[in-house]
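Taking it in order: structure first as structure tokens, then the write-up.
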Amino acid sequence: MISDTIDRPARGGVGRAALFVRQHAIIIVAVLLFLIPTFYRMATQAWSTEAGAHAPIVLATGVWLLSQGDFSTASSLGKDRRTTAGFWFFIALEVIALAAYTFSRAYDFLSVEAAAAYGAVLAIAAAFIGLAPLRRNAFPLFYLCFLIPLPGWVIDRTTAPLQQFISYSATSLLQMFDYPVMRSGVTIYIAQYQLLVEQACSGMNSIIGLISVTLFYIYILHRSSWRYAALLVLLILPIAIFANFIRVVVLILLTYHYGDAVAQGFLHNTAGIALFAMALFMMIAIDALLQRTLFRKGSPA
């Protein structure tokens, strides 16, 4: 009875996290010291840009999710298995990850460096606490992958079709309202002005941020219903593209009516923030609508 009373506080999310930190304090401190240079580079080079603006939110919410997770080891049998073949397998993965980390840091490949650092952390965690705790916290660990900046070539290849689609759709819509607008590739001409639909306006940056934040929203509210959660995930991409289509149309209209200085100044960034918020609001509104139509009173959730 006494031991059950003593152990009960540790079963809560904060209690489990505090117990885990006490048991593995030395390893956690070593890992944090190992990650500091990479975190600094990502914060100064990637997270300060529009493509990485979501990273501080992901970091804060990801750490909170991990603090609520269960990293307790299952049994002494699991510990025995971790000290044999499995332990050395993950140590070998750790060595490979550290080699990739050293190479990418020497040649300034930030994306590879961040991915290798994260892989090294996961490998050492699997070696010392086993795979079962990592599987129980699969979503928070996957969610933290959004901290890793994408390589430039991935962004270029992904944004190319989105740039073409959004520029074509925006000019087609405005031509229906007799605006003097035409396009050549991703370059839009309206009156005497020329606009280039860049990566920031093509949807990739907002899609990454919207996916990460929306996945957190879905996980918190709908993780018990994986089919419904999957439906909401499928809606992220069209919502993000639509929001960025609206953004491009707004910037074209600002340029035409108020000049290039206004459109490319403060209102350019404000439009991006406002439309990102609009995309989140659209996801929440669609979620509420689906809840009212698919899960009516008396129907199974």
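The first residue in the sequence is number 1, and the count goes up from there. Fair warning: this is a prediction, and the values are worked out from it, not measured in the lab.
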In this structure, would Phe242 and Leu234 fall into the same cluster of hydrophobic residues linked by side-chain contacts under 4.5 Å? no
Heavy atoms of Ile91 and Ala127 approach each other most closely as CD1-CB, 4.2 Å
Drop me the distance from Ile239's CD1 to Leu280's CG, to the nearest 0.5 angstrom. 9.5 Å
Could you pull out the closest heavy-atom pair between Ile218 and Ala229, with the gap in Å? CG2-CB, 3.4 Å
Indicate the atoms forming the closest heavy-atom contact of Tyr189 with Ser184, along with that distance. CE1-CB, 4.0 Å
Can you list the steps and then say if Phe109 with Phe103 is a side chain to side chain contact (heavy atoms under 4.5 Å, CB included)? CA-CA 8 Å; Phe109 297 143; Phe103 172 82; 3.8 Å; yes
Closest approach of Thr214 to Met283 (non-hydrogen atoms, all atoms of both residues): CG2-CG, 3.6 Å
Check: Tyr256 and Leu174 side chains under 4.5 Å, non-hydrogen atoms: no
Tell me, do Phe39 and Leu59 make a side-chain contact under 4.5 Å, heavy atoms counted? yes
For residues Tyr107 and Ile148: do they belong to one hydrophobic cluster (side chain heavy atoms under 4.5 Å, members Ile, Leu, Val, Met, Phe, Trp, Tyr)? no
Give the minimum heavy-atom separation between Gly62 and Leu144, together with the two atoms involved. CA-CD2, 3.7 Å
Between the main-chain N or O of Met182 and the side-chain N or O of Thr171, is there a donor-acceptor pair closer than 3.5 Å? no
Residue pair Pro37 / Arg105, side-chain heavy-atom distance below 4.5 Å: yes
From CG (Leu150) to OG (Ser111), nearest 0.5 Å: 6.5 Å
Tyr143 and Phe139 aromatic ring geometry - parallel, tilted or perpendicular at 30°/60° bounds: parallel
Check whether Trp47 reaches the backbone of Leu147 with its side chain - one donor and one acceptor, N or O, closer than 3.5 Å. yes
Answer yes or no: are there more than 12 heavy-atom neighbours, outside Phe281 itself, under 6.0 Å from its atom CZ? no
From CD1 (Ile96) to CD (Glu94), nearest 0.5 Å: 10.5 Å
Any idea how Phe142 and Phe146 line up, ring-wise: parallel (<30°), tilted (30 to 60°), or perpendicular (>60°)? perpendicular
What's the spacing between Arg292 CZ and Leu290 CG if we round to 0.5 Å? 12.0 Å
With the 4.5 Å side-chain cut-off for hydrophobic clustering, are Met282 and Leu237 part of the same group? yes
Which pair of heavy atoms, one from Glu113 and one from Thr38, lies closest together, and at what distance? OE2-OG1, 2.9 Å
Determine, using the 4.5 Å side-chain heavy-atom cutoff (strictly less than), whether Phe177 and Tyr193 are members of one ILVMFWY cluster. yes
Run the numbers on Leu66 and Leu141 for side chain to side chain contact (heavy atoms under 4.5 Å, CB included), then give the verdict. CA-CA 8 Å; Leu66 289 178; Leu141 295 175; 4.0 Å; yes
Verify side chain to side chain contact (heavy atoms under 4.5 Å, CB included) between Ile188 and Thr255, making sure each step is shown before the conclusion. CA-CA 11 Å; Ile188 296 176; Thr255 302; over 6 Å; no
Could you check Ile252 against Tyr179 for side chain to side chain contact (heavy atoms under 4.5 Å, CB included), going step by step and ending with a plain yes or no? CA-CA 10 Å; Ile252 294 174; Tyr179 276 94; over 6 Å; no
Test of understanding: clusters of I, L, V, M, F, W, Y form through side-chain heavy atoms closer than 4.5 Å, transitively. Do Tyr168 and Ile190 belong to the same one? no
Rounded to the nearest 0.5 Å, how far apart are CG of Leu35 and OH of Tyr118? 10.5 Å
Heavy atoms, side chains only, cut-off 4.5 Å: are Leu254 and Leu251 in contact? yes
Output yes when a side-chain donor or acceptor of Ser172 lies under 3.5 Å from a complementary backbone atom of Ser169, and no otherwise. no
Would a 4.5 Å heavy-atom cut-off, applied to side chains only, mark Leu65 and Tyr219 as touching? yes
Roughly how far apart are Ser212 OG and Tyr217 OH, rounded to 0.5 Å? 15.0 Å
